[in-house]
Amino acid sequence: MGKLFQNKAFILGFLSGILIFIGTQFYDSMPESEGITFHAIVRIGFPFDYIETGGNPTYTKTLWFGLFADILIALIFSFVVGLIFKFIGLKIVSRRSPLK
C-alpha cells in the first residue's frame with residue numbers, strides 16, 4: 001500500500017477526488033433564498049447532514065454521525081478516483097513503451 005501513495009497518478013486522482021468532494025460540500029452549503037422562513041431549520045452536508053442551523057432562537061448543532069460519515073465517504077471516493085487515475089496512467093504508459 002505504501003507504493004500506491006508514491007504513484008503520481010494515484011496522488012493526482014486522490015487529490016482530485018478530495019477537491020470534488022469539497023466542492024460538492026461548498027455548493028451544498030450555499031444558502032437557498034427560496035422558501036426559507038424565519039423559523040426554518042437548514043441542514044448542511046452531502047450526502048449526510050453534518051450541520052443543523054436556524055430556528056428561533058437561532059442555534060447551530062453539529063451532527064457528528066453525518067460529519068464522520070461524510071469524511072469516510074470522501075476518503076473512500078478519493079481512494080477509488082486515485083485507483084482509476086493510476087489504472088489509466090498505467091494504460092497510457094504501457095501504450096507508449098515498446099514491446100519486448
Side-chain angles (χ1 to χ4, degrees):
M1 184 115 150
K3 288 184 179 182
L4 187 62
F5 288 100
Q6 293 174 355
N7 186 301
K8 291 180 184 178
F10 176 81
I11 292 171
L12 179 66
F14 188 83
L15 293 177
S16 298
I18 292 288
L19 289 175
I20 289 169
F21 207 81
I22 288 172
T24 58
Q25 293 294 339
F26 180 73
Y27 179 75
D28 185 63
S29 67
M30 301 296 281
E32 299 173 3
S33 60
E34 300 174 4
I36 292 182
T37 62
F38 180 70
H39 300 286
I41 294 178
V42 178
R43 291 177 178 87
I44 299 170
F46 174 81
F48 295 102
D49 299 332
Y50 63 91
I51 292 178
E52 187 176 76
T53 187
N56 186 19
T58 302
Y59 81 102
T60 300
K61 179 180 176 183
T62 302
L63 305 173
W64 293 105
F65 174 77
L67 179 64
F68 291 130
D70 281 351
I71 290 171
L72 181 65
I73 289 173
L75 291 174
I76 292 170
F77 174 76
S78 299
F79 188 80
V80 170
V81 171
L83 289 177
I84 291 169
F85 272 53
K86 181 183 176 199
F87 178 75
I88 292 171
L90 289 175
K91 291 293 184 182
I92 291 172
V93 168
S94 68
R95 285 188 178 194
R96 288 184 184 170
S97 65
L99 297 174
K100 295 180 181 179

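Computation of the quantities below employed the complete heavy-atom set of this structure, encompassing side-chain atoms and omitting hydrogens, waters and symmetry-equivalent molecules. None of the values given here were measured: they were computed from a predicted structure.
Residues Leu67 and Leu63 have side chains not in contact (no heavy-atom distance under 4.5 Å, counting atoms from C-beta outward). Phe77 places a side-chain heavy atom less than 4.5 Å from the side chain of Val81. Side-chain atoms of Ile44 and Tyr50, non-hydrogen and from C-beta on, do get closer than 4.5 Å to each other. Residues Phe65 and Asp49 are not in side-chain contact: their nearest non-hydrogen atoms beyond the backbone lie 4.5 Å or more apart.
Under a hydrophobic clustering in which Ile, Leu, Val, Met, Phe, Trp and Tyr are joined whenever their side-chain heavy atoms come within less than 4.5 Å, directly or via other members, Ile22 and Ile11 fall into different clusters. By the criterion of side-chain heavy atoms lying less than 4.5 angstrom apart, applied directly or through intervening Ile, Leu, Val, Met, Phe, Trp or Tyr residues, Val42 is grouped together with Ile51 in one hydrophobic cluster. One hydrophobic cluster, built from ILVMFWY side chains closer than 4.5 Å, cannot hold both Ile76 and Phe46; they sit in different ones. Under the 4.5 Å side-chain contact rule for hydrophobic residues, Ile84 and Ile92 share a cluster. Clustering ILVMFWY residues whenever any of their side-chain heavy atoms sit less than 4.5 angstrom apart, transitively, puts Leu75 in a cluster other than the one holding Leu19.
Residues Gly17 and Ser78 come closest through the heavy atom pair C-OG, 3.2 Å. Residue Asp70 comes nearest to Pro47 through the heavy atom pair OD1-CD, 3.2 Å, listed as atom of the first residue, atom of the second, then distance. What you find for Ala69 and Phe48 is that their closest heavy atoms are CB-CD1, 3.5 Å.
Counted within 6.0 Å of OH on Tyr59, heavy atoms from surrounding residues, nucleotides or ligands total more than 12; the atom is thus considered enclosed.
Listed for the Thr24 side chain is a donor-acceptor partner under 3.5 Å among the backbone atoms of Phe21.
For Phe10 and Phe79, the distance between ring centers is under 6.0 angstrom.
Remark: Leu83 CG to Lys86 NZ distance equals 7.5 Å, nearest 0.5 Å. Between the OG1 atom of Thr62 and the CD atom of Glu52 there is a distance of 10.0 Å, given to the nearest 0.5 Å.
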